[in-house]
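Single-structure report; data block below.
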Number of protein chains: 2
Amino acid sequence: MAAARRPSPAHACQSCDVRANAICASLDGCALAELGSLGRRMTVRSGQTLLWEGDEAALVGNVLTGMLKLSTMTGDGREQIVGVVFPGDFIGRPFGKDSLQTVTALTDATVCVFRRNAFDSFAEAHGEIGQALLRRTLDELDRARRWMLLLGRMSASERVATLLIELHSRLGHGRSGDTIMLPLSRQQMGDLLGLTIETVSRTMTRFERAGLIRLPGGRRLEMRNEEELKRIAAG
Amino acid sequence: MAAARRPSPAHACQSCDVRANAICASLDGCALAELGSLGRRMTVRSGQTLLWEGDEAALVGNVLTGMLKLSTMTGDGREQIVGVVFPGDFIGRPFGKDSLQTVTALTDATVCVFRRNAFDSFAEAHGEIGQALLRRTLDELDRARRWMLLLGRMSASERVATLLIELHSRLGHGRSGDTIMLPLSRQQMGDLLGLTIETVSRTMTRFERAGLIRLPGGRRLEMRNEEELKRIAAG
DNA sequence: CGCGACGTTGATTGTTATCAAGTGGAGTGG
DNA sequence: CCACTCCACTTGATAACAATCAACGTCGCG
């Protein structure tokens with residue numbers, strides 16, 4: 001079941017929704033048209049995998065809509081999600097290495113993909129894009145390292161609280177009292193936090209009983225006491 | 001107790017030991033001289049801190065000799081080491097952000113430092129250095145994400161085995177039967193692995209009793225059965 | 001209606017953290 | 001040269017936390 005692919009007309013970049021947030025923002029009209037001619041839009045259904053850990057990473061690209069996860073596995077199949085990408089974010093590993101992560105759609109998603117070789121050459125020729133990619137990669141590295149503190153040193157409550165705060169601020173409008181739809185299953189939350197599904201579930205019901213959140217049906221989350229949750233997340 | 005600092009003569013770059021391995025390798029003689037004029041050599045004693053988490057990160061630079069750790073802490077003081085840097089590696093956070101890690105010398109070390117602003121401007125003007133930094137940052141990100149799997153999903157034995165294999169291959173000559181000096185205290189190993197000092201110690205004595213390693217005195221490590229240790233590390 | 005995916009809850013186990021001594025070696029000073 | 005101290009490390013006993021194993025509930029869908 002291959003993902004649907006179709007050429008994206010060159011002019012599409014001009015009106016691209018994520019252009020301002022993606023690395024393409026660094027390019028002028030001419031370079032943008034050139035890059036656009038190298039790319040293709042691609043639709044990925046929720047659950048489908050775009051890149052496999054260990055395979056030659058033939059693709060890179062930008063997320064247009066939806067969310068995807070980056071994950072790695074131990075030899076015996078335990079999974080850890082090492083990153084989640086949103087519209088405007090870059091995916092894949094430029095510059096000649098195998099993919100070290102599996103990239104899988106968490107929701108239906110569209111991405112604008114390039115063959116890695118073609119993208120690498122383009123990047124060599126257009127320094128701006130390297131600059132943009134560098135800034136983005138430095139931010140990603142900061143995020144990964146912050147998450148290492150969570151994985152290495154935080155308790156289950158601290159981990160879950162941190163995730164809920166982050167999802168709420170990222171997907172809600174930041175207002176306390178909001179209800180958001182959780183984009184992750186309990187299993188995925190566990191894979192992100194280094195916990196089991198049961199521990200995630202128990203921790204969330206404990207938060208609900210304590211009046212910090214409400215969980216009206218599996219995937220809905222209502223924030224009731226963000227301050228206290230933040231206090232827990234801080235460790 | 002401020003670290004010792006002295007100007008590095010511009011010509012020092014030409015004969016710099018780490019030049020071939022550092023981002024400077026990307027520069028031609030002229031640009032190298034320019035960058036050299038911005039930098040200063042600096043000595044840091046084991047245990048001294050170069051940058052503090054949360055402070056404005058005024059410095060960036062290259063490691064010339066020694067090893068340093070990058071670490072973060074929870075609000076209540078639990079520490080996680082998120083990276084270890086060796087000669088030729090880059091330290092600091094270019095492009096306008098506070099340092100998110102504390103950088104501390106694990107051994108006596110020398111670094112070649114630049115004021116961040118001066119370095120940023122130089123990097124804007126010299127695309128090559130951005131390219132070199134990008135490749136290095138992508139590698140760092142891969143490493144950080146691999147470590148996230150260890151922190152999130154591996155048992156104490158798997159974590160310790162992974163670290164010992166990595167230290168042995170990095171510091172020894174890769175031959176089984178070698179003895180190496182461990183560059184980390186048990187506490188530091190724990191901070192890197194997300195474990196307590198006691199768990200690290202117990203795990204190592206279990207490995208010794210099983211004949212996988214020998215520990216002749218606190219900091220020496222002799223590899224006796226690298227294969228089995230690798231098997232454990234694989235999960 | 002029954003099935004399957006997802007989520008919750010309970011009982012129990014197992015691993016690692018915590019608390020508390022104890023050991024051994026390097027360095028100091030009588 | 002021998003206590004003495006300090007520090008890193010080890011070892012032991014116990015507790016706490018999260019994983020595991022096992023039902024059970026709920027929702028959506030054929």
Side-chain angles (χ1 to χ4, degrees), chain A residues 45-47 74 76-80 104 106-107 149-164 167 181-210 213-222 232 235, chain B residues 46-47 74 76-80 106-107 149-164 167 181-210 213-222 232 235:
Chain A
R45 295 314 209 77
S46 177
T74 58
D76 62 354
R78 284 164 285 168
E79 178 173 344
Q80 176 67 46
T104 308
L106 291 173
T107 64
L149 177 63
L150 178 146
L151 294 174
R153 292 301 189 195
M154 287 186 170
S155 69
S157 305
E158 291 165 343
R159 295 184 202 199
V160 173
T162 302
L163 180 61
L164 295 182
L167 289 174
M181 273 309 246
L182 292 173
L184 301 170
S185 69
R186 296 293 184 272
Q187 181 63 60
Q188 289 162 349
M189 292 176 67
D191 290 342
L192 192 51
L193 297 172
L195 298 171
T196 59
I197 186 172
E198 293 96 330
T199 300
V200 173
S201 181
R202 275 189 247 276
T203 305
M204 288 181 69
T205 48
R206 240 181 297 125
F207 285 163
E208 184 171 31
R209 281 205 254 275
I213 59 175
R214 284 198 353 110
L215 295 166
R219 290 289 185 99
R220 284 196 119 75
L221 169 71
E222 185 186 330
I232 294 171
Chain B
S46 178
T74 58
D76 61 356
R78 285 164 285 169
E79 177 174 345
Q80 176 68 45
L106 291 172
T107 63
L149 177 63
L150 178 146
L151 294 173
R153 291 302 190 196
M154 288 186 170
S155 69
S157 306
E158 291 166 343
R159 295 185 202 198
V160 173
T162 302
L163 179 61
L164 295 181
L167 289 174
M181 272 311 245
L182 292 172
L184 301 170
S185 69
R186 297 292 185 272
Q187 181 63 60
Q188 289 162 347
M189 292 176 66
D191 290 342
L192 193 50
L193 297 172
L195 298 171
T196 59
I197 186 173
E198 293 96 330
T199 300
V200 173
S201 181
R202 275 188 247 276
T203 305
M204 289 181 69
T205 48
R206 241 180 298 125
F207 285 164
E208 184 171 31
R209 281 206 254 276
I213 58 174
R214 285 201 350 113
L215 296 165
R219 289 289 185 98
R220 285 196 119 76
L221 169 71
E222 186 187 330
I232 294 171

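Computation of the quantities below employed the complete heavy-atom set of this structure, encompassing side-chain atoms and omitting hydrogens, waters and symmetry-equivalent molecules. Lettering of chains follows the sequences in order, A, B, ..., and the numbering in each one begins at 1.
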Which distance, rounded to the nearest 0.5 Å, do you find between the CG of B:Leu167 and the CE of B:Met189? 6.5 Å
Could you grab the distance from atom OG1 of B:Thr74 to atom CE of A:Met154, nearest 0.5 Å is fine? 6.0 Å
Non-neighbouring partners of [X] that pass side-chain hydrogen bond (donor to acceptor under 3.5 Å, both in side chains), sequence neighbours left out:
{"X": "A:Glu208", "result": "none"}
{"X": "B:Arg214", "result": "B:Glu222"}
{"X": "B:Thr203", "result": "none"}
{"X": "B:Ser201", "result": "none"}

Looking at every strand, decide which applies to B:Arg159 at a 4.0 Å heavy-atom threshold: base, sugar-phosphate, or nothing. nothing
Go along nucleotides 9-24 of chain C 5' to 3' and tag each nucleotide: B for a protein heavy atom under 4.0 Å from its base, S when only backbone or sugar atoms are that close, - otherwise. BBB----SSBB-----
Just the endpoints, please: which first and last nucleotides of DNA chain D, 5' to 3', lie under 4.0 Å from a heavy atom of chain B? D:dC9 to D:dA13
Rounded to 10°, tell me the angle between the two end axes of the helix from C:dC1-D:dG30 to C:dG30-D:dC1, each built from five pairs. 20°
Kindly write out the residues that satisfy side-chain contact (heavy atoms from CB on, under 4.5 Å) with [X], not counting sequence neighbours, or none if the list is empty.
{"X": "A:Thr104", "answer": "A:Thr49, A:Lys69, A:Thr102"}
{"X": "B:Thr196", "answer": "B:Glu198, B:Thr199"}
{"X": "B:Ser155", "answer": "B:Ser157, B:Glu158"}

Do the side chains of B:Asp191 and B:Arg78 get close enough for a salt bridge, i.e. N-O under 4.0 angstrom? no
